[in-house]
Colleague: 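One structure coming up, written as structure tokens, with questions to follow.
The structure displayed is predicted, hence computed values, not measured ones.
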Amino acid sequence: RNVRTYRAQGDIRAAIVATDDVSLWPMAQFMSKDMATVIWQTDNEVTPLIILSSVYCDINETVNSKMLNDLCNYASQKQIPLFIGADSNSHSTLWGCPKTNPRGLQFEDLIYNYQLNVENIGKKPTFVAGVGSSIIDITITNIHSTDLMKLWRVEKDNFGSDHQLISFDLDMEIEEP
């Protein structure tokens, strides 16, 4: 299979890579060097669209960027399931860290303000490097994604990155009445 990469132009720190048999469309209004966002046309009658976003949060910038807030607003107003994979560069007990730092509090505010869910399960580090390990990569969903995500996990293979591979399953089966 061929793959496609969805990202902004120039130097980037966020991207989405998918096989070309998945119907993804870039959302230009939510693309920057630190955010890549696509809308997935699923061909599922119950959940026809899902928004996927990869976000890098620079340690020297505020967590609550206008673009991230606009994305959360957009998904909420359109009632579209939203999945955000974020390198938060922050710590919070909400996603398994032993302590919460000021950036973690900023992320918690975003999560509470938009009624988002943190999908991280357990205390397995998502970032492992010579300087140490921590849980800074978080998976966030909105209220319209309830019950879609199953089996969130940090994989053993990291494919050469200091960030661990995070996987999950989606359950989009149509329930019979």
Colleague: Step by step, would you call K156 with K124 a side chain to side chain contact (heavy atoms under 4.5 Å, CB included)?
Modeller: CA-CA 10 Å; K156 293 177 186 172; K124 188 172 181 183; 4.2 Å; yes

Colleague: Mind checking ring pair (Phe, Tyr, Trp, His ring centres under 6.0 Å) for Y6 and listing every partner two or more places apart, or none if nothing turns up?
Modeller: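 Per chain and number, Y6 pairs via ring pair (Phe, Tyr, Trp, His ring centres under 6.0 Å) with no residue.
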
Colleague: Closer than 4.0 angstrom, basic N to acidic O: yes or no for R153 and D169?
Modeller: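 Looking at D169 together with R153, the answer is yes, because their closest N to O distance falls below 4.0 Å.
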
Colleague: Under the 4.5 Å side-chain heavy-atom rule for ILVMFWY, direct or indirect, which residues accompany V17?
Modeller: V3

Colleague: Do the ring planes of F107 and W95 sit parallel (below 30°), tilted (30 to 60°) or perpendicular (above 60°)?
Modeller: perpendicular

Colleague: Kindly indicate whether the side chain of M35, heavy atoms from C-beta on, has any atom under 4.5 Å from the side chain of L71.
Modeller: yes

Colleague: Starting from the C-alpha separation in whole Å, work towards a yes-or-no answer on side chain to side chain contact (heavy atoms under 4.5 Å, CB included) for Y112 and L94.
Modeller: CA-CA 11 Å; Y112 296 131; L94 195 58; 4.0 Å; yes

Colleague: Would a distance-only check, ignoring hydrogens and angles, find a side-chain to backbone donor-acceptor pair under 3.5 Å from Q106 to V63?
Modeller: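 Yes; at least one donor-acceptor contact below 3.5 Å.
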
Colleague: Has N142 got a side-chain atom pairing as donor or acceptor with C72's backbone, closer than 3.5 angstrom?
Modeller: no

Colleague: Filter on salt bridge (Lys or Arg N to Asp or Glu O under 4.0 Å), then keep only pairs touching residues 127-150, sequence neighbours left out; what's left?
Modeller: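 Applying salt bridge (Lys or Arg N to Asp or Glu O under 4.0 Å) to every pair that reaches into residues 127-150, excluding sequence neighbours, yields nothing.
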
Colleague: Linking directly or through intermediates, with side-chain heavy atoms under 4.5 Å: list the remaining ILVMFWY members grouped with L151, chain and number order.
Modeller: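 Taking Ile, Leu, Val, Met, Phe, Trp and Tyr as members, L151 stands alone, with no cluster partners.
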
Colleague: Quick one: are I140 and Y114 in side-chain contact, heavy atoms under 4.5 Å?
Modeller: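 Of all side-chain heavy-atom pairs linking Y114 with I140, none is under 4.5 Å.
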
Colleague: Name every donor-acceptor pair, under 3.5 Å, that has one atom in a side chain of residues 128-136 and the other anywhere in the protein, sequence neighbours excluded.
Modeller:
none

Colleague: Kindly give the heavy-atom pair with the smallest separation between L116 and L110, and that separation in Å.
Modeller: CD1-O, 4.0 Å

Colleague: Are V55 and F127 in one and the same hydrophobic cluster, where Ile, Leu, Val, Met, Phe, Trp and Tyr link if side-chain heavy atoms are under 4.5 Å apart?
Modeller: no

Colleague: For a 4.5 angstrom cut-off between non-hydrogen side-chain atoms, does T141 reach L148?
Modeller: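 The answer is no, as the side chains (C-beta and beyond) never meet within the 4.5 Å cut-off.
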
Colleague: Between T42 and P48, is there a donor-acceptor pair closer than 3.5 Å when you use the side chain of the first and the backbone of the second?
Modeller: yes

Colleague: If only atom types and distance count, is the side chain of T139 paired as donor or acceptor with the main-chain N or O of E119 below 3.5 Å?
Modeller: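 Absent.
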
Colleague: Excluding sequence neighbours, so at least two apart, what forms salt bridge (Lys or Arg N to Asp or Glu O under 4.0 Å) with D34?
Modeller: R13

Colleague: Taking N89 for its side chain and C57 for its backbone only, find out whether a donor-acceptor pair lies under 3.5 Å.
Modeller: yes

Colleague: Counting N and O atoms only, with roles assigned by atom type, does the side chain of T100 sit under 3.5 Å from a partner on the main chain of L105, one being a donor and the other an acceptor?
Modeller: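 Looks like no, no N/O pair under 3.5 Å.
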
